[in-house]
Amino acid sequence: MAEIADIEALRQRVRERPLPRHVAIIMDGNGRWAEARGLPRVAGHREGSLSVRAVTREARKLGLDALTLYALSVQNLARPPEEVKALMELLAEFLDSERAEILDNDIRLEAIGDLDRLPGFVRQRLDAVRAASAGNRGMVLTLALSYDGREELVQAARRAAGKHGPAGIDAAALAGELWTAGLPELDLLVRTSGERRISNFLLWQCAYAELCFVDTLWPDFRERELLLALCDYQGRERRFGLTGAQVQRAPRE
Ligand code: IPE
Ligand code: IPE
Ligand code: MG
């Protein structure tokens with residue numbers, strides 16, 4: 001009960017101040033969570049999918065516009081084949097089990113990354129939930145799958161050059177070709193598990209994002225931990241290159 005009261009109080013506090021529109025999370029530490037318990041790494045990935053559910057629900061409840069989750073990098077595909085296979089199976093299970101929750105809560109599912117590298121059984125489920133949720137407006141949940149931030153930039157540059165010619169590319173033209181085009185600016189990037197790096201995630205989009213590194217391993221990151229990260233964000237002053245006095249005079253939303 002004390003735990004619930006604590007979460008409710010935190011939620012209240014978070015609701016009282018401006019929320020980020022777009023939060024991204026590097027969901028790290030599943031393997032270490034499992035290894036610490038003498039379990040196979042996949043047990044950590046399974047527990048981590050419960051965190052995805054809890055954090056998505058909380059984000060929607062709070063009214064965030066966009067939540068972007070780093071679920072799998074291109075580099076992760078070079079892990080032992082059994083682990084990659086288990087990750088794909090979990091992803092398919094997740095898409096089956098969360099489909100109703102996504103649709104009932106007006107969430108639009110999106111995916112970014114080199115989706116052609118995903119096996120057919122994942123791709124089909126992903127396409128089906130994306131299509132079914134395409135008209136939803138409550139929140140965009142974007143899964144980064146087989147994602148590579150440098151590759152995103154390379155492909156965007158190529159497309160932008162095709163449209164505008166190399167000399168015609170400006171920041172807006174490039175941003176418009178990223179996989180994240182159409183999403184709000186990234187406000188907050190959270191990484192779990194104590195690592196302090198961004199591991200090739202949203203390289204362009206991080207330009208003015210607030211960074212929050214927490215020691216909690218992803219399977220232990222639930223509603224409370226998201227609320228704490230949001231409190232941390234709300235305590236910061238985003239200056240965008242200006243002076244403190246300037247932004248205090250004209251606060252930027
Ligand atoms: C994050 O947890 C999930 C993926 C990268 C797929 P890890 O599997 O990287 O867990 P650690 O970092 O080895 O503990
Ligand atoms: C980043 O975590 C990718 C995901 C969370 C999906 P990694 O575990 O792959 O990152 P490194 O290897 O520690 O940089
Ligand atoms: Mg890791």
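Counting convention: from 1, in listed order, for ligands and their atoms alike.
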Check: Under 4.0 angstrom from ligand 2, any heavy atom of Arg32?
Finding: no
Check: Would you say the side-chain atoms of Asp187 pair up with the backbone N or O of Arg21, donor to acceptor, closer than 3.5 Å?
Finding: yes
Check: To the nearest 0.1 Å, how far is atom 8 (O) of ligand 1 from its closest protein heavy atom, and which atom is that?
Finding: Arg79 NH1, 2.7 Å
Margin query: Do Glu225 and Thr216 pair up side chain to side chain, a donor and an acceptor below 3.5 Å, judged on atom types alone?
Written below: no
Check: Does at least one non-hydrogen atom of Arg197 fall below 4.0 angstrom from an atom of ligand 2?
Finding: yes
Notebook entry, point to check: Can His45 be said to touch ligand 1, with heavy atoms closer than 4.0 Å?
Noted result: yes
Next item on the list: Report yes if Ser73 has an N/O atom closer than 3.5 Å to an N/O atom of ligand 2; otherwise report no.
Entry: no
Check: From the Mg ion (ligand 3) out to just under 2.8 Å, does an N/O/S atom of Asp28 turn up?
Finding: yes
Margin query: I'd like to know whether ligand 1 has Arg41 as a neighbour, heavy-atom separation below 4.0 Å.
Written below: yes
Next item on the list: Check ligand 1 against Asn76 and write out every atom of the ligand that is under 4.0 Å from a heavy-atom position of the residue.
Entry: 5 (C), 6 (C)
Notebook entry, point to check: Are Leu64 and Leu109 connected in the hydrophobic side-chain network, where two residues link if heavy atoms are under 4.5 Å apart?
Noted result: yes
Next item on the list: Taking only heavy atoms of Ser199 into account, list the atoms of ligand 2 that are under 4.0 Å away from them.
Entry: 10 (O), 11 (P), 14 (O)
Next item on the list: Would you mind telling me if ligand 2 is within reach of the side chain of Leu72, the backbone, both or neither, using heavy atoms under 4.0 Å?
Entry: backbone
Margin query: Under a 4.0 Å threshold between the charged nitrogen and the carboxylate oxygen, would Arg222 count as salt-bridged to Glu47?
Written below: yes
Note to self: I need the atoms of ligand 2 closer than 4.0 Å to a non-hydrogen atom of Met27, numbered in the order shown.
What the structure shows: 5 (C)
Notebook entry, point to check: Mind checking whether Ser193 has a heavy atom under 4.0 Å from ligand 1?
Noted result: no
Check: Is the backbone of Leu115 close enough, under 3.5 Å, to the side chain of Ser146 for a donor and an acceptor to pair up by distance?
Finding: no
Item checked: Arg13/Glu16 ion pair, N-O < 4.0 Å -> no
Next item on the list: Inspect the contact between Glu223 and Lys61 and indicate whether a charged nitrogen and a carboxylate oxygen are less than 4.0 angstrom apart.
Entry: no
Checklist line | Test: Arg11 and Glu58 ion pair at under 4.0 Å | finding: yes
Check: Which of these, Leu91, Asp28, Leu145, has its nearest heavy atom closest to atom 7 (P) of ligand 1?
Finding: Asp28
Checklist line | Nearest non-hydrogen protein atom, atom 10 (O) of ligand 2 | finding: Arg191 NH2, 3.3 Å
Notebook entry, point to check: How are the rings of Phe240 and Tyr208 set to each other: parallel, tilted or perpendicular (split at 30° and 60°)?
Noted result: tilted
Checklist line | ligand 2 versus Ala71: contacting region, heavy-atom distance under 4.0 Å | finding: backbone
Next item on the list: Apply the test salt bridge (charged side-chain N to carboxylate O under 4.0 Å, His left out) to residues Glu83 and Arg41: give CA-CA distance (whole Å), side-chain angles for both, the deciding distance (0.1 Å), then the verdict.
Entry: CA-CA 8 Å; Glu83 181 165 344; Arg41 291 176 58 85; 2.8 Å; yes
